[in-house]
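Just so you know, these numbers come straight off a predicted model, no measurement behind them. Residue numbers start from 1 in every chain, and the chains themselves are labelled A, B, ... in the order their sequence lines are given, proteins ahead of strands.
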Amino acid sequence: MSAFHAVTGLVLGMTDIVPQLLDWYGRAQRDLPWRRPEVTPWQILVSEFMLQQTPVARVEPVWLAWIARWPTPSTTAAASPADVLRAWGKLGYPRRAKRLHECATVIATEHDDVVPSDVETLLTLPGIGAYTARAIACFAYRQRVPVVDTNVRRVVARVVHGRADSPASVRDLDDVAALLPDGPDAPQFSVALMELGATVCTARSPRCGVCPLTTCAWRANGFPEATTPVRRTQRYAGTDRQVRGRLLDVLRDNDSPVPRAQLDLAWLSDTAQRDRALDSLLVDGLVEQTADGRFALAGEGE
DNA sequence: AACACGTGGGC
DNA sequence: TGCCCAAGTGT
């Protein structure tokens, strides 16, 4: 087969992706609360923060309670960091909660309580990076911008490039931009791409039997294994991260400052590590020390 | 450009 | 069990 034909076949196949994916999404999409039409850009932003590295199933109940309590940036900004950290609960990576609170403050005070709609401005906000900025522009403001998360990256690696997966690359945006349909379907296409990666074209056991796409370079190539070894996942047991988690757990459970001795109970095996973890929580602004030397969640009592 | 940063479910 | 993975960001 000539290179020309190979390329032509690829291009024709790619154009079919749009209707196939949109049709599939129309019947197979999950009913996620942040996708409902009445949800505001701010509430979508909150969902995106929570979904950074955290599964949908764990986010859902927390998001529901959160937006009922703090529906806007200004109401969120008015809450204390301690209350925000508590509402975040055990979603993980509590620095995200801190940044969400900071993000609310900036939007409330500098953007008239309105979430910015352009990617450029969104990128200046705390906790918002390349993915989240585009997700908000696309899902909240219906803009035709490529949205690349881990799901999209994997689907494109497989369907377009015939590889099992691919590491993040500066070319990801161009790859996805090339697939994006013109007109109002672009945002729907992007969610559909993510949805396919999340529910069908999954990392572990892809369900190719129910895939709506008739053209897939990975399948055509015989499902080759990943060539670039995945970076070793970081251990968790025994790390500072685990210690920080234990410490925060104690603080979330106490709405008044706790003495050092009580915190020490949370990690007995390595006192130096415990001190280091506590110090890092203070540095991150997640924890504060009171005048009498006790410890509390940041802004406790505000 | 690696690495730190939580937590829990699945296999 | 222990490892993999989950809508990433900041340094």
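Rounded to the nearest Å, the gap between the P atom of C/dA7 and that of B/dC3 is 23 Å. For the P atoms, the distance from B/dG8 to C/dT9 is 23 Å, rounded to whole Å. Spacing between B/dA4 and C/dC4 at atom P, rounded to whole Å, works out to 16 Å. With C1' as the reference atom, B/dA1 and C/dT11 are 11 Å apart, rounded to whole Å.
Other residues, nucleotides and ligands contribute over 12 non-hydrogen atoms within 6.0 Å of the CZ atom of A/Arg36.
The nearest whole Å value for the distance from the CZ atom in A/Arg235 to the C1' atom in C/dC5 is 16 Å. Protein atom CG of A/Leu281 is 16 Å distant from nucleotide atom P of B/dA4, rounded to whole Å. Rounded to an integer number of Å, the gap from A/Gln43 CD to C/dA7 P is 22 Å.
Remark: A/Thr54, A/Arg58 in residues 54-74 of chain A come within less than 4.0 Å of DNA chain B through at least one heavy atom. Residues from residues 132-139 of chain A that place a heavy atom under 4.0 Å from any atom of DNA chain B: there are none. Only A/Met194, A/Ala198, listed by number, bring a heavy atom of residues 184-202 of chain A to less than 4.0 angstrom from any atom of DNA chain C.
When all heavy atoms of A/Trp88 and A/Val62 are compared, the closest pair comes out as O-CG1, 4.2 Å.
The phosphate of B/dG10 has neither OP1 nor OP2 within less than 4.0 Å of any side-chain N or O from A/Arg204. Put simply, A/Arg252 has a side-chain N or O that comes within less than 4.0 Å of OP1 or OP2 on B/dT7. Between A/Arg154 and C/dA6, a side-chain N or O to OP1/OP2 separation shorter than 4.0 Å is present. For A/Tyr236, a side-chain nitrogen or oxygen approaches OP1 or OP2 of B/dT7 to under 4.0 Å. At the phosphate of C/dG8, neither OP1 nor OP2 sits under 4.0 Å from any side-chain N or O atom of A/Gln52.
A salt bridge links A/Asp275 and A/Arg260; the closest N-O separation between the charged side-chain nitrogens and carboxylate oxygens is under 4.0 Å. The pair A/Asp249-A/Arg252 meets the salt-bridge criterion, since a charged nitrogen lies less than 4.0 angstrom from a carboxylate oxygen. Salt bridge status for A/Arg35 with A/Glu195: present, with a side-chain N to carboxylate O gap under 4.0 Å. In this structure, A/Asp240 does not pair ionically with A/Arg244, as no charged nitrogen and carboxylate oxygen lie closer than 4.0 Å. A salt bridge links A/Arg144 with A/Asp182: at least one charged nitrogen is closer than 4.0 Å to a carboxylate oxygen.
Taking the nucleotide of DNA chain C with the nearest heavy atom to each of A/Pro126 and A/Ala203, the more 5' of the two is matched to A/Ala203.
For the 3.5 Å distance criterion, the side chains of A/Trp267 and A/Gln273 qualify, holding a donor opposite an acceptor. Residues A/Gln52 and A/Thr132 have side chains that bring a donor and an acceptor to within less than 3.5 angstrom of each other. For the residue pair A/Thr121/A/Thr124, the side-chain donor-acceptor check at 3.5 Å is not satisfied. Using modelled atom types, one finds a donor on one side chain and an acceptor on the other under 3.5 Å when comparing A/Tyr131 with A/Glu48.
Interatomic distance, A/Ser80 OG to A/Arg86 CZ, rounded to the nearest 0.5 Å: 7.5 Å.
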